[in-house]
K.L.:
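Supplied in structure tokens, the structure appears directly below.
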Amino acid sequence: MSDITNVQLRDVATGALVPAELHNPVTDQQILDWQRLWQPERNRRIDQLAAAGVPRTEWPQSWHWQWDSKLNKIQSLLSHTSVAITCNGQTQGLMSIDLVSKRGHLPPRQHLELAYVDYLEVAPWNWKDCRFDPPVYSLIGNLMIGAAIQISFDQDFKGRVGLHSLPQSVRFYEKCGFVNMGPDSAYYNLPYLELTTEKAEAFLLGEKS
């Protein structure tokens, strides 16, 4: 059964805050949303980019992710958890977290447990870097990071969170307070970023202020 927390997203068109829900873990309905809603919209937007001659290197770097297979692999595992944000009857964001197999890199707390964000993505109609349509909702990524921090505290990991970021998302994570430790040669040379306890607490305080 999924725990539900009431949150708010920002309607980009009006600037108004609107009611939303944060689910932990992801439900079957949210996986169906990905299949029935996200995939067709993602394909439409990618077709637009291709037709306009936009180089593939400039497409959203998560466009090929298959969330149904990612989430189905971890649904029954205690070593992982997942989060979804819904608004207006639709899934607006998805995240999966590894709670067991990763350890911190930042001294002096290297080798300590942390919540490792495997994947985090917003629905294609919320893509900020799309050239043709503005996003419908914002604040999804911030809420996801807040959820990852809270899960870390709940697991007694003291708010520590780590992740490997797609290059297009690095600046977002740095703004959230993550320390960028540079490319990781052991993980496709993707930048590895980590959030300390102090930065996690500061993020949650800023989120509530």
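FYI, side chains are in, hydrogens and waters are out, and symmetry mates aren't considered; it's all heavy atoms of this structure.
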K.L.:
How far apart are the closest heavy atoms of Val170 and Leu193, and which atoms are they?
P.N.:
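Nearest heavy atoms, Val170 then Leu193: O-CD2, 4.3 Å.
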K.L.:
May I ask you to test the Trp125-Leu37 pair for a side-chain heavy-atom distance under 4.5 Å?
P.N.:
yes
K.L.:
Check whether any side-chain heavy atom of Gln39 lies under 4.5 Å from a side-chain heavy atom of Gln66, and answer yes or no.
P.N.:
yes
K.L.:
Given side chain to side chain contact (heavy atoms under 4.5 Å, CB included), test Leu112 with Lys158 step by step and report yes or no.
P.N.:
CA-CA 10 Å; Leu112 294 181; Lys158 316 271 186 215; over 6 Å; no
K.L.:
Is the backbone N or O of Leu99 less than 3.5 Å from a side-chain atom of Gln155, with the two atoms forming a donor-acceptor pair by type?
P.N.:
no
K.L.:
Hydrophobic cluster mates of Tyr187, side-chain heavy atoms under 4.5 angstrom, ILVMFWY only, any path?
P.N.:
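Tyr187 shares its hydrophobic cluster with Leu106, Leu114, Tyr116, Val179, Met181, Tyr188, Leu190, Tyr192.
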K.L.:
Using a 3.5 Å distance criterion without hydrogens, assess whether the side chain of Ser79 forms a donor-acceptor pair with backbone atoms of Val100.
P.N.:
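No, the answer is negative, given that no donor and acceptor are paired below the 3.5 Å cut-off.
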K.L.:
Taking side chain to side chain donor-acceptor pair (under 3.5 Å) as the test, write out the residues that go with Trp38, two or more places apart.
P.N.:
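Result, side chain to side chain donor-acceptor pair (under 3.5 Å) vs Trp38: none returned.
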K.L.:
Checking one residue: Ile4. Which other hydrophobic residues are in its cluster under the side-chain 4.5 Å linking rule?
P.N.:
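Ile4 clusters with nothing; isolated.
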K.L.:
Any chance you could measure Ile149, atom CD1, to Phe157, atom CZ, to the nearest 0.5 Å?
P.N.:
14.5 Å
K.L.:
Test your reading of the model: is there a side-chain donor-acceptor pair from Ser82 to the backbone of Val26, 3.5 Å cut-off?
P.N.:
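Looks like yes, one N/O pair under 3.5 Å.
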K.L.:
Has Asp33 got a side-chain atom pairing as donor or acceptor with Gln90's backbone, closer than 3.5 angstrom?
P.N.:
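The answer is no, because no donor-acceptor pair under 3.5 Å joins these two groups.
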K.L.:
Any chance you could lay out the side chain to side chain contact (heavy atoms under 4.5 Å, CB included) test for Glu121 and Trp63, step after step, and finish with the verdict?
P.N.:
CA-CA 9 Å; Glu121 188 179 26; Trp63 71 270; 6.0 Å; no
K.L.:
Linking I/L/V/M/F/W/Y whenever any side-chain heavy atoms sit under 4.5 Å apart, do Phe172 and Val122 land together?
P.N.:
yes
K.L.:
Check whether Gln30 reaches the backbone of Ala84 with its side chain - one donor and one acceptor, N or O, closer than 3.5 Å.
P.N.:
no
K.L.:
With sequence neighbours excluded, tell me which residues meet side chain to side chain donor-acceptor pair (under 3.5 Å) with Asn180.
P.N.:
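Only Glu174 meet the side chain to side chain donor-acceptor pair (under 3.5 Å) criterion with Asn180.
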K.L.:
Could you please spell out the steps behind the side chain to side chain contact (heavy atoms under 4.5 Å, CB included) verdict for Val161 and Phe178?
P.N.:
CA-CA 9 Å; Val161 178; Phe178 282 78; 3.9 Å; yes
K.L.:
Indicate whether any N or O donor in one side chain lies under 3.5 Å from an N or O acceptor in the other, for Trp67 and Gln35.
P.N.:
no
K.L.:
Could you tell me whether Lys73 and Asp118 make a salt bridge, using a distance below 4.0 angstrom between a side-chain N and a carboxylate O?
P.N.:
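No.
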K.L.:
Is there a continuous path of hydrophobic side-chain contacts, each under 4.5 Å between heavy atoms, that joins Leu94 to Ile74?
P.N.:
yes
K.L.:
Is the shortest distance from a Lys or Arg side-chain nitrogen in Asp47 or Arg45 to a carboxylate oxygen in the other one below 4.0 Å?
P.N.:
no
K.L.:
Would you say that Ser2 contacts Pro25 through its side chain, given a criterion of any heavy-atom pair below 4.5 Å between the two side chains?
P.N.:
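A side-chain contact exists here, since the closest heavy-atom pair is under 4.5 Å.
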K.L.:
Under the salt bridge (charged side-chain N to carboxylate O under 4.0 Å, His left out) test, which residues partner Glu201, sequence neighbours left out?
P.N.:
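Residues passing salt bridge (charged side-chain N to carboxylate O under 4.0 Å, His left out) with Glu201: none at all.
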K.L.:
Between Gln92 and Thr86, is there a side-chain heavy-atom distance shorter than 4.5 Å?
P.N.:
no
K.L.:
Would you say Leu49 and Phe132 make side-chain contact, with heavy atoms under 4.5 Å?
P.N.:
yes
K.L.:
May I ask you to decide if Ser152's main-chain N or O and Arg160's side chain share a donor-acceptor pair within less than 3.5 Å?
P.N.:
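Looks like no, no N/O pair under 3.5 Å.
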K.L.:
Kindly indicate, with the supporting measurements, whether the criterion side chain to side chain contact (heavy atoms under 4.5 Å, CB included) is fulfilled by Glu21 and Asn6.
P.N.:
CA-CA 5 Å; Glu21 294 181 332; Asn6 292 324; 4.1 Å; yes
K.L.:
Gln8: which residues meet the side chain to side chain contact (heavy atoms under 4.5 Å, CB included) condition with it, sequence neighbours left out?
P.N.:
Leu17
K.L.:
Give a yes or no on whether Ile140 and Leu204 share a hydrophobic cluster (residues Ile, Leu, Val, Met, Phe, Trp, Tyr; joining criterion: side-chain heavy atoms under 4.5 Å apart).
P.N.:
yes
K.L.:
Would you call Leu143 and Val83 a side-chain contact if the rule is heavy atoms closer than 4.5 Å?
P.N.:
no
K.L.:
Counting C-beta onward and ignoring hydrogens, is there a side-chain heavy-atom pair between Cys176 and Leu195 closer than 4.5 Å?
P.N.:
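Of all side-chain heavy-atom pairs linking Leu195 with Cys176, none is under 4.5 Å.
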K.L.:
Is it the case that the side chains of His80 and Ser96 hold a donor-acceptor pair, with the cut-off being a distance below 3.5 Å and no angle test?
P.N.:
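There is no such pair (donor and acceptor under 3.5 Å, judged by atom type) between the side chains of Ser96 and His80.
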K.L.:
Report the distance from atom CD1 of Ile151 to atom OG1 of Thr81, rounding to the nearest 0.5 Å.
P.N.:
5.0 Å
K.L.:
Does a side-chain heavy-atom distance below 4.5 Å link Trp59 with Ile46?
P.N.:
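Yes - at least one pair of side-chain heavy atoms lies under 4.5 Å apart.
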K.L.:
Using only atom types and a distance under 3.5 Å, with no angle test, would you say the side chain of Gln75 pairs donor to acceptor with the backbone of Asn72?
P.N.:
no
